[in-house]
Amino acid sequence: MRIVQNSNAGRLLRTRRIAVINSNSSDRVTQQLADTVTPELLPGTEAVFLNPAEGPEGIDTLFDVIVSGAHTAALVKEHSRDFDAFVVACGNDPGLAAARELTDRPVIGIAEAGMLQACAHGATFSVAVLAPAKVAGMRALVRSYGLESRLASIIPARTTSRDAATSPDELLDQLVEAYSRRTSDELGDVLVLTGSVMGQIAPELAARVNRPVVAGLLAGVRMAETLADCPALSTYPSKEEA
C-alpha cells in the first residue's frame, strides 16, 4: 500500500519528502497512520505512507519483530534515494539498525523518538505497551537506547496489535485502568505511547490521566521533518562513497 499526503498549511520553496513505514502488512493500519499524522505535518512536508506487501499483519511476538524488521529494512533500501528521511512506524522499532546501514538518509524509530522527546518533559517516563508479554522486550529496547535510568515503569494494556487497530476506544480504557493502578513514582513525569496505532488516542489519554503523553508516531515524524531540513546532512558521504 502507498498513500501520499501533503501539508496544506502553505507552501515552501522546497518540499521535504519523508517516508512513514508501517512495519506490518495491514493496509488498514497504514491508513490509520496517515489519518493521524497528516493534520500534524509541517508546511512543505510530503509524507508517503508505506507498508510491506508481505509479513505479519500485527506485530505481537519476537518472530513478528524479526520478520517485519527485515521487510522494513528492505523498503528503506528500495527507496533509499527517494526520500529525505524515513520513519519506522512501529513501537518495537523493527529493523531500525539494519535500515540505517542501507541508506545515508536519517532513519527514525518511533519508540526511540518518543523516549527522547519524553526526556525533555521531565526526569523520568513510563512506557505503554499493548500486552504484558511485551514488557520484557520493551525494557530491553529502553536499555539498548541507554535510557533505563530514566524509565519509571512499563504499563501494559491487555490487547493485540490487530485488536488495538480495530478497537481504539477499548485500548484507551485499558490504558486508563492500568495507569490508575500505578503510584506516582511508577508513572514518572510523562507517558510514552510507542505503538503506532496508539497515536490516535494520545490527546484523549492525556486528558483522562492528567499527565503529558508523548505519541512516538508524531515524535518520530517531527524528528524526520527536522532532520530533513538539516543542511549538514547534505554534506555527509553516501554509504557508497564512505
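- There is no side-chain donor-acceptor pair under 3.5 Å between S68 and N24.
- Between the side chains of D64 and T61, at least one donor-acceptor pair of N or O atoms lies under 3.5 Å.
- Between the side chains of D35 and Q31, at least one donor-acceptor pair of N or O atoms lies under 3.5 Å.
- Formation of a donor-acceptor pair under 3.5 Å by the T166 side chain with backbone atoms of R162 is found in this model.
- Summarising the hydrophobic clusters (Ile, Leu, Val, Met, Phe, Trp, Tyr; side-chain heavy atoms under 4.5 Å, direct or chained), the residues clustered with I66 are none.
- Transitive grouping of hydrophobic side chains (ILVMFWY, heavy atoms separated by less than 4.5 Å) brings M223 and V76 into a common cluster.
- No donor-acceptor pair under 3.5 Å is formed between the side chain of R16 and the backbone N or O of A47.
- Placement of V190 and Y145 within a single hydrophobic cluster is found when ILVMFWY residues are connected by side-chain heavy-atom separations under 4.5 Å, directly or transitively.
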### Task
Show the numbers, then the answer: is there a side-chain contact (heavy atoms from CB on, under 4.5 Å) between R81 and D104?
CA-CA 9 Å; R81 289 298 187 183; D104 57 345; 3.2 Å; yes

Contacts under 3.5 angstrom, residues 201-219 side chains, donor-acceptor by atom type, not counting sequence neighbours:
{"residue": "R208", "atom": "NH1", "partner": "D173", "partner atom": "OD1", "Å": "3.0"}
{"residue": "R208", "atom": "NH2", "partner": "D173", "partner atom": "OD1", "Å": "3.3"}
{"residue": "R211", "atom": "NE", "partner": "G188", "partner atom": "O", "Å": "2.8"}
{"residue": "R211", "atom": "NH2", "partner": "S184", "partner atom": "OG", "Å": "3.3"}
{"residue": "R211", "atom": "NH2", "partner": "G188", "partner atom": "O", "Å": "3.4"}

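- Put simply, L191 and V142 are part of two different groups of oily side chains (I, L, V, M, F, W, Y) that touch within less than 4.5 Å, one to the next.
- Residues V197 and V221 fall within the same hydrophobic cluster, defined by Ile, Leu, Val, Met, Phe, Trp and Tyr side chains chained together at heavy-atom separations under 4.5 Å.
- A donor-acceptor contact shorter than 3.5 Å is absent between the side chain of S153 and the backbone of I155.
- Counting heavy atoms from C-beta on, the side chains of I21 and H79 never come closer than 4.5 Å.
- V65 belongs to a hydrophobic cluster whose remaining members, ordered by chain and number, are I59; membership requires side-chain heavy atoms of ILVMFWY residues under 4.5 Å apart, directly or through intermediates.
- Each of T72, T30, N51 was checked for a side chain to side chain donor-acceptor pair (under 3.5 Å) with N22, and the lone residue meeting it is T30.
- Here the side chain of S180 pairs a donor or acceptor atom with the backbone of E177 at under 3.5 angstrom.
- Note: the hydrophobic cluster containing L33 also contains I18 (ILVMFWY, side chain heavy atoms under 4.5 Å, direct or indirect links).
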Could you list the donor-acceptor pairs under 3.5 angstrom formed by side chains in residues 108-129, with sequence neighbours left out?
{"residue": "E112", "atom": "OE1", "partner": "R100", "partner atom": "NH2", "Å": "3.1"}
{"residue": "S126", "atom": "OG", "partner": "L187", "partner atom": "O", "Å": "2.8"}

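- Although no hydrogens or angles enter the test, the distance criterion places no donor-acceptor pair under 3.5 Å between the side chain of Q200 and the main chain of Q32.
- Distance alone, capped at 3.5 Å, is enough to place a donor-acceptor pair between the Q174 side chain and the R158 backbone.
- The other residues sharing a hydrophobic cluster with V67 are F63, where clustering joins ILVMFWY side chains under 4.5 Å apart.
- Residues satisfying the side chain to side chain contact (heavy atoms under 4.5 Å, CB included) criterion with S167, sequence neighbours excluded, are E170.
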